[in-house]
Amino acid sequence: MSVDLASTAVTNVAELERLKVLHNGTKGKLTFSDAEFERRLSGLREIMAAKELDAVILTSYHGIKYYSDFLYTTFGRNYALVVTADDSVTVTANIDAGMPWRTSYGENIVYTDWRRDNFYFGLQEALRQRGVKAARLGVEDDALPLMTREKIAAAFPGAELLDVSQDAMRQRMIKSAEEIEVIKHGARIGDLGGEAIRSAIREGITEYEVALIGTEAMVHEIARTFPDREVRDTWVWFQSGINTDGAHNWATTRRLEKGDILSLNCFPMTSGYYTALERTLFLGQPDEESLRLWNINVEVHRRGLELIKPGAVCKDIAAELNEIYIGYGLLPNRTFGYGHSFGVLSHYYGREAGLELREDIETVLEPGMVVSMEPMITVADGLPGAGGYREHDILVIGEDSVENITKFGFGPEHNIVEA
(Lines give C-alpha, C1' and ligand atoms only; values in the text may rest on other atoms or scores of the structure.)
Protein backbone atom coordinates (compact mmCIF):
# COMPACT_ATOMS: atom_id res chain seq x y z
CA MET A 1 0.00 0.00 0.00
CA SER A 2 1.41 3.40 -0.92
CA VAL A 3 0.84 6.40 1.32
CA ASP A 4 0.27 10.06 0.50
CA LEU A 5 2.75 12.01 2.60
CA ALA A 6 1.20 15.37 1.70
CA SER A 7 -0.51 17.30 4.46
CA THR A 8 -4.32 17.46 4.73
CA ALA A 9 -6.53 20.15 6.20
CA VAL A 10 -4.98 20.01 9.66
CA THR A 11 -4.44 23.30 11.48
CA ASN A 12 -3.26 22.14 14.91
CA VAL A 13 -0.56 19.71 16.00
CA ALA A 14 -3.03 18.19 18.45
CA GLU A 15 -5.06 16.94 15.47
CA LEU A 16 -2.17 14.92 14.05
CA GLU A 17 -2.21 11.15 14.48
CA ARG A 18 -0.16 9.37 17.13
CA LEU A 19 0.68 6.42 14.87
CA LYS A 20 0.96 5.91 11.11
CA VAL A 21 1.32 3.14 8.57
CA LEU A 22 3.83 4.36 5.98
CA HIS A 23 4.15 1.76 3.25
CA ASN A 24 5.86 4.38 1.14
CA GLY A 25 7.29 2.86 -2.05
CA THR A 26 7.99 -0.85 -2.22
CA LYS A 27 9.96 -3.27 -0.07
CA GLY A 28 13.65 -3.26 -1.00
CA LYS A 29 16.05 -6.14 -1.35
CA LEU A 30 17.17 -7.31 2.09
CA THR A 31 20.58 -8.60 3.06
CA PHE A 32 19.29 -12.14 3.53
CA SER A 33 16.52 -14.34 2.19
CA ASP A 34 13.04 -14.55 3.71
CA ALA A 35 13.89 -18.10 4.74
CA GLU A 36 16.89 -16.82 6.71
CA PHE A 37 14.79 -14.30 8.63
CA GLU A 38 12.18 -16.96 9.34
CA ARG A 39 14.95 -19.22 10.65
CA ARG A 40 16.08 -16.50 13.04
CA LEU A 41 12.56 -15.66 14.18
CA SER A 42 11.81 -19.34 14.70
CA GLY A 43 14.83 -19.53 16.98
CA LEU A 44 13.57 -16.54 18.95
CA ARG A 45 10.12 -18.11 19.21
CA GLU A 46 11.71 -21.23 20.66
CA ILE A 47 13.21 -18.98 23.34
CA MET A 48 9.78 -17.42 23.86
CA ALA A 49 8.15 -20.82 24.26
CA ALA A 50 10.79 -21.98 26.73
CA LYS A 51 10.28 -18.86 28.84
CA GLU A 52 6.47 -18.85 28.34
CA LEU A 53 6.53 -15.35 26.84
CA ASP A 54 3.57 -13.78 25.07
CA ALA A 55 5.82 -11.49 23.01
CA VAL A 56 9.32 -10.05 22.86
CA ILE A 57 10.15 -6.36 22.60
CA LEU A 58 13.66 -5.96 21.18
CA THR A 59 15.16 -2.49 21.54
CA SER A 60 18.90 -2.90 20.83
CA TYR A 61 20.61 -2.12 17.56
CA HIS A 62 21.84 -5.68 17.25
CA GLY A 63 18.58 -7.34 18.26
CA ILE A 64 16.44 -5.36 15.81
CA LYS A 65 19.00 -5.71 13.02
CA TYR A 66 19.45 -9.45 13.46
CA TYR A 67 15.76 -10.33 13.37
CA SER A 68 14.48 -7.68 10.92
CA ASP A 69 17.46 -6.31 8.91
CA PHE A 70 16.63 -2.75 10.01
CA LEU A 71 19.48 -0.76 11.59
CA TYR A 72 18.11 2.37 13.19
CA THR A 73 19.61 5.81 13.82
CA THR A 74 18.55 6.86 17.30
CA PHE A 75 19.24 10.59 17.79
CA GLY A 76 17.51 10.25 21.15
CA ARG A 77 14.45 8.36 19.90
CA ASN A 78 13.40 4.82 20.75
CA TYR A 79 13.01 1.92 18.32
CA ALA A 80 11.71 -1.60 18.73
CA LEU A 81 10.94 -4.88 17.04
CA VAL A 82 7.91 -6.58 18.54
CA VAL A 83 7.84 -10.33 17.92
CA THR A 84 4.79 -12.47 18.65
CA ALA A 85 4.12 -16.13 18.04
CA ASP A 86 2.83 -15.32 14.57
CA ASP A 87 4.59 -12.24 13.17
CA SER A 88 6.94 -9.32 13.78
CA VAL A 89 6.58 -5.55 13.52
CA THR A 90 9.12 -2.74 13.84
CA VAL A 91 8.07 0.37 15.76
CA THR A 92 9.95 3.33 14.32
CA ALA A 93 10.02 7.12 14.43
CA ASN A 94 8.17 9.33 11.94
CA ILE A 95 11.42 11.13 11.14
CA ASP A 96 12.47 8.03 9.14
CA ALA A 97 9.19 7.97 7.16
CA GLY A 98 8.84 4.81 5.04
CA MET A 99 12.50 3.77 5.06
CA PRO A 100 12.25 1.34 8.02
CA TRP A 101 9.38 -0.54 6.35
CA ARG A 102 11.23 -0.66 3.01
CA THR A 103 14.40 -2.02 4.60
CA SER A 104 13.00 -4.54 7.08
CA TYR A 105 11.46 -7.97 7.21
CA GLY A 106 7.92 -7.87 8.59
CA GLU A 107 5.43 -5.14 9.33
CA ASN A 108 6.00 -1.61 10.58
CA ILE A 109 4.25 0.93 12.81
CA VAL A 110 5.41 4.55 12.77
CA TYR A 111 5.02 6.74 15.84
CA THR A 112 4.98 10.53 15.70
CA ASP A 113 6.42 13.25 17.92
CA TRP A 114 3.12 14.99 18.53
CA ARG A 115 2.43 13.45 21.93
CA ARG A 116 4.92 12.40 24.55
CA ASP A 117 5.55 8.66 24.83
CA ASN A 118 3.95 7.79 21.50
CA PHE A 119 6.64 5.11 21.20
CA TYR A 120 5.15 3.20 24.13
CA PHE A 121 1.68 3.70 22.70
CA GLY A 122 3.02 2.12 19.50
CA LEU A 123 4.19 -0.92 21.49
CA GLN A 124 0.75 -1.24 23.03
CA GLU A 125 -0.90 -0.96 19.63
CA ALA A 126 1.44 -3.55 18.08
CA LEU A 127 0.21 -6.14 20.58
CA ARG A 128 -3.41 -4.98 20.58
CA GLN A 129 -3.63 -5.33 16.78
CA ARG A 130 -2.36 -8.89 17.11
CA GLY A 131 -4.74 -9.84 19.90
CA VAL A 132 -1.93 -10.36 22.41
CA LYS A 133 -2.69 -9.58 26.05
CA ALA A 134 0.76 -9.61 27.57
CA ALA A 135 1.38 -11.23 30.92
CA ARG A 136 5.04 -12.08 30.24
CA LEU A 137 7.18 -9.96 27.92
CA GLY A 138 10.76 -10.56 26.82
CA VAL A 139 13.20 -7.63 26.79
CA GLU A 140 16.95 -7.17 26.30
CA ASP A 141 18.38 -6.25 29.67
CA ASP A 142 21.94 -6.11 28.31
CA ALA A 143 21.10 -3.00 26.27
CA LEU A 144 17.94 -1.55 27.83
CA PRO A 145 18.19 1.70 29.82
CA LEU A 146 16.40 1.54 33.16
CA MET A 147 14.14 4.48 32.31
CA THR A 148 13.00 2.81 29.10
CA ARG A 149 12.44 -0.49 30.88
CA GLU A 150 10.30 1.22 33.51
CA LYS A 151 8.19 2.92 30.83
CA ILE A 152 7.67 -0.37 29.00
CA ALA A 153 6.54 -1.91 32.28
CA ALA A 154 4.15 1.00 32.84
CA ALA A 155 2.73 0.58 29.33
CA PHE A 156 1.83 -3.04 30.14
CA PRO A 157 0.61 -2.96 33.76
CA GLY A 158 0.68 -6.33 35.40
CA ALA A 159 3.05 -7.82 32.81
CA GLU A 160 6.31 -9.38 33.96
CA LEU A 161 9.42 -8.38 31.99
CA LEU A 162 12.00 -11.13 31.53
CA ASP A 163 15.44 -10.95 29.95
CA VAL A 164 16.03 -12.72 26.62
CA SER A 165 19.33 -11.04 25.72
CA GLN A 166 21.60 -13.91 26.74
CA ASP A 167 19.55 -16.55 24.93
CA ALA A 168 19.35 -14.37 21.81
CA MET A 169 23.10 -13.79 21.98
CA ARG A 170 23.65 -17.54 22.07
CA GLN A 171 21.50 -17.90 18.95
CA ARG A 172 23.56 -15.22 17.15
CA MET A 173 26.81 -17.05 17.91
CA ILE A 174 26.07 -19.76 15.33
CA LYS A 175 26.19 -18.28 11.84
CA SER A 176 24.18 -19.54 8.89
CA ALA A 177 25.67 -20.10 5.43
CA GLU A 178 24.17 -16.77 4.31
CA GLU A 179 25.77 -14.93 7.22
CA ILE A 180 29.15 -16.53 6.62
CA GLU A 181 29.03 -15.44 2.98
CA VAL A 182 28.54 -11.80 4.06
CA ILE A 183 31.34 -12.11 6.62
CA LYS A 184 33.71 -13.54 4.00
CA HIS A 185 33.03 -10.57 1.74
CA GLY A 186 33.78 -8.30 4.70
CA ALA A 187 37.14 -9.97 5.31
CA ARG A 188 38.02 -9.65 1.61
CA ILE A 189 37.09 -5.97 1.64
CA GLY A 190 39.14 -5.41 4.79
CA ASP A 191 42.15 -6.84 2.97
CA LEU A 192 41.58 -4.37 0.13
CA GLY A 193 41.50 -1.53 2.61
CA GLY A 194 44.74 -2.78 4.11
CA GLU A 195 46.44 -2.80 0.72
CA ALA A 196 45.28 0.76 0.04
CA ILE A 197 46.66 1.86 3.40
CA ARG A 198 50.01 0.12 3.00
CA SER A 199 50.43 1.77 -0.40
CA ALA A 200 49.68 5.20 1.11
CA ILE A 201 52.17 5.01 3.99
CA ARG A 202 55.02 7.52 3.70
CA GLU A 203 56.88 10.03 5.81
CA GLY A 204 54.89 13.21 6.45
CA ILE A 205 51.39 11.91 5.75
CA THR A 206 48.97 12.23 8.66
CA GLU A 207 47.19 9.37 10.37
CA TYR A 208 43.76 10.69 9.40
CA GLU A 209 44.74 11.01 5.72
CA VAL A 210 45.84 7.37 5.67
CA ALA A 211 42.59 6.38 7.42
CA LEU A 212 40.51 8.23 4.82
CA ILE A 213 42.32 6.43 1.99
CA GLY A 214 41.58 3.02 3.51
CA THR A 215 37.98 3.90 4.30
CA GLU A 216 37.29 5.16 0.78
CA ALA A 217 38.72 2.01 -0.81
CA MET A 218 36.50 -0.20 1.34
CA VAL A 219 33.34 1.86 0.92
CA HIS A 220 33.60 1.73 -2.87
CA GLU A 221 34.00 -2.05 -2.77
CA ILE A 222 31.11 -2.47 -0.33
CA ALA A 223 28.87 -0.45 -2.65
CA ARG A 224 29.93 -2.61 -5.58
CA THR A 225 29.42 -5.88 -3.71
CA PHE A 226 26.15 -4.92 -2.00
CA PRO A 227 24.55 -2.48 -4.44
CA ASP A 228 21.04 -2.64 -3.00
CA ARG A 229 21.90 -1.94 0.64
CA GLU A 230 22.73 1.08 2.77
CA VAL A 231 26.35 2.21 2.69
CA ARG A 232 27.28 3.21 6.22
CA ASP A 233 29.50 2.90 9.28
CA THR A 234 32.78 1.67 7.69
CA TRP A 235 35.86 3.15 9.34
CA VAL A 236 39.63 2.88 9.87
CA TRP A 237 41.76 3.33 12.97
CA PHE A 238 45.26 4.09 11.73
CA GLN A 239 47.77 4.78 14.48
CA SER A 240 51.45 5.66 14.67
CA GLY A 241 54.06 6.00 17.38
CA ILE A 242 52.61 6.47 20.86
CA ASN A 243 49.08 6.35 19.41
CA THR A 244 49.49 2.59 18.84
CA ASP A 245 49.32 1.93 22.59
CA GLY A 246 45.54 1.27 22.54
CA ALA A 247 43.62 -0.86 20.09
CA HIS A 248 40.72 1.60 19.83
CA ASN A 249 42.62 4.87 19.40
CA TRP A 250 41.18 7.05 16.67
CA ALA A 251 43.29 8.60 13.92
CA THR A 252 44.87 11.98 14.68
CA THR A 253 46.73 14.69 12.78
CA ARG A 254 50.09 13.21 13.80
CA ARG A 255 52.48 12.94 10.85
CA LEU A 256 54.33 9.69 10.20
CA GLU A 257 58.05 9.65 10.85
CA LYS A 258 60.82 7.29 9.81
CA GLY A 259 61.18 4.52 12.38
CA ASP A 260 57.54 4.72 13.51
CA ILE A 261 55.64 1.69 14.68
CA LEU A 262 52.29 1.71 12.88
CA SER A 263 48.96 -0.01 13.43
CA LEU A 264 46.56 -0.64 10.57
CA ASN A 265 42.96 -1.35 11.58
CA CYS A 266 40.32 -1.68 8.84
CA PHE A 267 36.65 -2.16 9.72
CA PRO A 268 34.37 -2.66 6.72
CA MET A 269 30.71 -2.68 7.74
CA THR A 270 28.55 -4.72 5.38
CA SER A 271 24.89 -4.23 6.26
CA GLY A 272 25.52 -4.14 9.99
CA TYR A 273 28.06 -6.97 9.89
CA TYR A 274 31.49 -6.11 11.27
CA THR A 275 34.76 -7.54 10.05
CA ALA A 276 38.29 -6.41 10.83
CA LEU A 277 41.87 -6.46 9.64
CA GLU A 278 44.54 -5.39 12.12
CA ARG A 279 48.27 -5.39 11.49
CA THR A 280 51.49 -4.03 12.99
CA LEU A 281 53.78 -2.29 10.51
CA PHE A 282 56.95 -0.19 10.66
CA LEU A 283 57.96 2.77 8.54
CA GLY A 284 61.57 1.84 7.93
CA GLN A 285 63.52 -0.86 9.69
CA PRO A 286 62.52 -1.44 13.33
CA ASP A 287 65.17 -1.36 16.03
CA GLU A 288 66.34 -4.61 17.60
CA GLU A 289 63.99 -4.55 20.60
CA SER A 290 60.97 -3.58 18.52
CA LEU A 291 61.68 -6.45 16.15
CA ARG A 292 62.02 -8.87 19.07
CA LEU A 293 58.69 -7.80 20.57
CA TRP A 294 56.95 -7.91 17.20
CA ASN A 295 58.19 -11.45 16.57
CA ILE A 296 57.01 -12.57 20.02
CA ASN A 297 53.52 -11.29 19.32
CA VAL A 298 53.57 -12.99 15.92
CA GLU A 299 54.55 -16.24 17.67
CA VAL A 300 51.52 -15.92 19.93
CA HIS A 301 49.33 -15.10 16.93
CA ARG A 302 50.48 -18.16 14.97
CA ARG A 303 49.91 -20.45 17.93
CA GLY A 304 46.49 -18.94 18.50
CA LEU A 305 45.50 -19.66 14.91
CA GLU A 306 46.46 -23.29 15.47
CA LEU A 307 44.43 -23.58 18.68
CA ILE A 308 41.13 -22.41 17.19
CA LYS A 309 39.25 -25.56 16.19
CA PRO A 310 35.92 -27.32 16.85
CA GLY A 311 35.75 -28.51 20.46
CA ALA A 312 38.32 -26.08 21.82
CA VAL A 313 37.33 -24.17 24.96
CA CYS A 314 37.74 -20.39 24.95
CA LYS A 315 39.44 -20.20 28.34
CA ASP A 316 41.86 -23.00 27.47
CA ILE A 317 43.05 -21.14 24.38
CA ALA A 318 43.67 -18.04 26.49
CA ALA A 319 45.53 -20.03 29.13
CA GLU A 320 47.92 -21.62 26.65
CA LEU A 321 48.69 -18.34 24.92
CA ASN A 322 49.31 -16.72 28.30
CA GLU A 323 52.10 -19.23 28.87
CA ILE A 324 53.98 -17.94 25.84
CA TYR A 325 53.86 -14.37 27.11
CA ILE A 326 54.85 -15.57 30.59
CA GLY A 327 57.93 -17.23 29.11
CA TYR A 328 59.04 -13.87 27.72
CA GLY A 329 58.03 -11.89 30.81
CA LEU A 330 55.35 -10.03 28.84
CA LEU A 331 52.06 -11.17 30.38
CA PRO A 332 51.52 -7.78 32.12
CA ASN A 333 51.80 -6.12 28.70
CA ARG A 334 48.60 -7.75 27.42
CA THR A 335 45.76 -5.27 26.91
CA PHE A 336 42.61 -7.36 26.19
CA GLY A 337 41.34 -10.85 25.31
CA TYR A 338 42.66 -12.94 22.45
CA GLY A 339 39.60 -12.75 20.19
CA HIS A 340 35.84 -12.52 19.90
CA SER A 341 32.82 -13.49 17.87
CA PHE A 342 31.72 -11.80 14.65
CA GLY A 343 28.32 -10.92 13.25
CA VAL A 344 25.96 -8.01 13.95
CA LEU A 345 28.53 -5.89 15.73
CA SER A 346 30.03 -2.42 15.68
CA HIS A 347 31.85 0.00 17.93
CA TYR A 348 28.50 1.43 19.04
CA TYR A 349 26.32 -1.67 19.17
CA GLY A 350 26.41 -5.41 19.64
CA ARG A 351 28.70 -7.83 21.39
CA GLU A 352 28.47 -11.60 21.70
CA ALA A 353 30.23 -11.52 25.04
CA GLY A 354 29.75 -15.24 25.60
CA LEU A 355 32.13 -16.03 22.74
CA GLU A 356 35.38 -14.32 23.64
CA LEU A 357 38.78 -15.94 23.96
CA ARG A 358 39.30 -15.01 27.60
CA GLU A 359 40.21 -16.77 30.81
CA ASP A 360 36.68 -16.50 32.21
CA ILE A 361 34.76 -17.81 29.18
CA GLU A 362 33.90 -21.53 29.13
CA THR A 363 32.18 -21.60 25.73
CA VAL A 364 33.15 -24.52 23.48
CA LEU A 365 33.88 -23.61 19.87
CA GLU A 366 31.32 -25.13 17.48
CA PRO A 367 30.78 -25.34 13.72
CA GLY A 368 29.19 -22.13 12.47
CA MET A 369 31.01 -19.90 14.90
CA VAL A 370 33.23 -17.13 13.54
CA VAL A 371 35.99 -15.80 15.79
CA SER A 372 39.11 -13.68 15.64
CA MET A 373 42.61 -14.31 16.85
CA GLU A 374 44.07 -10.96 17.90
CA PRO A 375 46.85 -10.91 20.48
CA MET A 376 48.20 -7.52 21.58
CA ILE A 377 50.91 -6.23 23.87
CA THR A 378 51.80 -2.64 24.70
CA VAL A 379 55.18 -1.30 25.83
CA ALA A 380 55.07 2.10 27.53
CA ASP A 381 56.52 5.24 26.00
CA GLY A 382 60.17 5.78 26.86
CA LEU A 383 60.99 2.08 27.09
CA PRO A 384 62.87 0.15 24.39
CA GLY A 385 60.44 -1.06 21.71
CA ALA A 386 57.69 1.31 22.86
CA GLY A 387 54.32 0.92 21.16
CA GLY A 388 51.43 -1.44 20.65
CA TYR A 389 51.84 -4.70 18.71
CA ARG A 390 48.79 -6.57 17.39
CA GLU A 391 47.68 -8.87 14.61
CA HIS A 392 44.15 -9.96 13.75
CA ASP A 393 42.74 -12.75 11.59
CA ILE A 394 39.15 -14.03 11.23
CA LEU A 395 38.42 -17.76 11.31
CA VAL A 396 35.27 -19.65 10.31
CA ILE A 397 34.83 -22.90 12.23
CA GLY A 398 33.53 -25.84 10.21
CA GLU A 399 32.54 -29.38 11.12
CA ASP A 400 36.09 -30.71 11.09
CA SER A 401 38.22 -27.82 9.84
CA VAL A 402 38.81 -24.09 10.23
CA GLU A 403 39.07 -21.53 7.43
CA ASN A 404 41.15 -18.40 7.90
CA ILE A 405 39.37 -15.82 5.72
CA THR A 406 41.98 -13.08 6.30
CA LYS A 407 44.58 -13.10 3.53
CA PHE A 408 46.65 -9.97 4.28
CA GLY A 409 50.16 -11.01 5.35
CA PHE A 410 51.45 -10.39 8.86
CA GLY A 411 54.81 -10.02 10.54
CA PRO A 412 58.15 -8.41 9.65
CA GLU A 413 58.48 -10.27 6.36
CA HIS A 414 55.37 -8.52 5.03
CA ASN A 415 54.88 -5.23 6.82
CA ILE A 416 58.08 -3.19 6.93
CA VAL A 417 57.46 -0.23 4.62
CA GLU A 418 60.53 1.41 3.15
CA ALA A 419 61.07 4.96 4.40
Side-chain angles (χ1 to χ4, degrees), residues 27-37 39-40 60-73 81 99-100 102-105 169 171-197 211-238 248 264-279 339-352 355 368-372 374 392-397 403-408:
K27 284 276 192 181
K29 181 179 179 181
L30 302 183
T31 309
F32 304 103
S33 67
D34 288 358
E36 171 66 8
F37 286 110
R39 180 193 70 81
R40 298 177 183 192
S60 70
Y61 287 99
H62 45 282
I64 295 173
K65 173 66 182 178
Y66 182 76
Y67 292 105
S68 77
D69 215 26
F70 171 59
L71 186 59
Y72 63 81
T73 303
L81 174 68
M99 181 272 289
R102 293 194 300 272
T103 61
S104 65
Y105 184 78
M169 176 183 69
Q171 181 186 354
R172 297 197 311 273
M173 285 182 191
I174 306 297
K175 277 38 180 186
S176 68
E178 290 189 34
E179 285 182 280
I180 290 172
E181 184 67 18
V182 168
I183 292 170
K184 285 183 175 180
H185 275 299
R188 174 182 62 82
I189 293 166
D191 288 346
L192 291 175
E195 295 292 349
I197 286 174
L212 287 173
I213 289 167
T215 301
E216 182 177 16
M218 292 190 292
V219 168
H220 284 309
E221 183 61 19
I222 290 169
R224 188 191 70 80
T225 306
F226 302 94
D228 301 309
R229 297 299 301 148
E230 297 168 344
V231 180
R232 58 179 290 182
D233 294 337
T234 292
W235 83 102
V236 167
W237 285 323
F238 183 77
H248 295 170
L264 173 163
N265 305 268
C266 292
F267 305 105
M269 293 296 297
T270 53
S271 193
Y273 275 71
Y274 164 101
T275 47
L277 169 70
E278 300 176 7
R279 290 290 185 258
H340 58 79
S341 181
F342 283 78
V344 180
L345 170 70
S346 180
H347 63 83
Y348 65 92
Y349 64 84
R351 188 73 172 185
E352 292 166 20
L355 183 50
M369 290 180 173
V370 181
V371 296
S372 60
E374 49 179 307
H392 179 295
D393 286 31
I394 302 172
L395 299 100
V396 177
I397 301 171
E403 181 183 1
N404 187 335
I405 59 175
T406 300
K407 307 304 179 185
F408 194 99

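Sequence positions, counted from 1, serve as the residue numbers for this chain.
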His347 vs Trp235, test: side-chain contact (heavy atoms from CB on, under 4.5 Å). Steps then yes/no. CA-CA 10 Å; His347 63 83; Trp235 83 102; 3.5 Å; yes
Give the ring-plane orientation class for His340 versus Tyr274, where under 30° counts as parallel, over 60° as perpendicular and anything between as tilted. tilted
Determine whether Arg188 and Glu181 satisfy the following criterion, salt bridge (Lys or Arg N to Asp or Glu O under 4.0 Å), listing intermediate values before the conclusion. CA-CA 11 Å; Arg188 174 182 62 82; Glu181 184 67 18; over 6 Å; no
Side chain Ser60, main chain Gly63, donor-acceptor under 3.5 Å: yes
Return yes if some donor-acceptor pair links the side-chain N/O of Lys184 with the main-chain N/O of Val396 below 3.5 Å, else return no. no
Using modelled atom types and a 3.5 Å cut-off, is there a donor and acceptor pairing between side-chain atoms of Asp233 and backbone atoms of Met269? no
First locate atom CD1 of Ile197, then atom CG of Leu212, and finally report the distance between them rounded to the nearest 0.5 Å. 10.0 Å
Taking side chain as C-beta onward, heavy atoms only, is Leu71 less than 4.5 Å from Tyr349? yes
For the residue pair Met99 and Glu230, establish whether any side-chain heavy-atom pair is separated by less than 4.5 Å. yes
Please check: side-chain N/O of Arg232 versus main-chain N/O of Gly272, any donor-acceptor pairing under 3.5 Å? no
Using modelled atom types and a 3.5 Å cut-off, is there a donor and acceptor pairing between side-chain atoms of Asn265 and backbone atoms of Val236? no
Correct closest heavy-atom pair for Phe238 and Leu264 would be CD1-CA, 4.1 Å
Report the relative orientation of the aromatic rings in Tyr72 and Phe70; use parallel for angles under 30°, tilted for 30 to 60°, perpendicular for over 60°. tilted
Nearest non-hydrogen partners of Ile189 and Thr225, listed with the distance: CD1-OG1, 4.2 Å
Six-ring centre of Phe37, Arg40 cation under 6.0 angstrom, axis tolerance 45°: yes
Minimal heavy-atom distance between Gly194 and Cys266, with the atoms involved, is N-SG, 3.6 Å
From CG (Leu81) to OG (Ser104), nearest 0.5 Å: 8.5 Å
Shortest non-hydrogen contact from Arg229 to Ser271? NE-OG, 3.4 Å
Could you tell me whether the side chain of Thr406 and the main chain of Ile394 form a donor-acceptor pair under 3.5 Å? yes
Looking only at heavy atoms, which two atoms of Met169 and Arg351 are closest? And how far apart? SD-O, 4.0 Å
Parallel under 30°, tilted from 30 to 60°, perpendicular over 60°: which one fits the rings of Phe226 and His185? perpendicular
Is there a side-chain contact between Met369 and Lys175, using heavy atoms and a 4.5 Å cut-off? no
For Trp237 against His248, the heavy-atom pair lying closest together: CZ3-CD2, 3.2 Å
Is it the case that the side chains of Arg172 and Ser341 hold a donor-acceptor pair, with the cut-off being a distance below 3.5 Å and no angle test? no
For the backbone of Pro268 and the side chain of Thr234, can you confirm whether one donor and one acceptor N or O come within less than 3.5 Å of each other? no
Residue among Tyr67, Tyr66, Tyr273 satisfying ring pair (Phe, Tyr, Trp, His ring centres under 6.0 Å) with Phe32: Tyr273
Would you say Asp69 and Thr31 are linked by a side-chain donor-acceptor pair, where the criterion is simply a distance under 3.5 Å? yes
Within this structure, what is the OG1-CD distance for the pair Thr270 and Glu221, rounded to the nearest 0.5 Å? 11.5 Å
Centroid separation Phe342 to His392 less than 6.0 Å: yes
What I want to check is whether the side chains of Ser176 and Glu178 have a donor and an acceptor closer together than 3.5 Å. no
Would you give the length of the straight line joining atom OG1 of Thr275 to atom CG of Asp191, rounded to the nearest 0.5 angstrom? 9.0 Å
Side chain proximity check, Val370 to Leu395, heavy atoms < 4.5 angstrom: no
Say whether, by atom type as modelled, one donor and one acceptor occur between the side chain of Lys65 and the main chain of Leu345 under 3.5 angstrom. no
Quick test of your reading of the model: are Lys407 and Asp393 salt-bridged, counting only N-O distances below 4.0 Å? no
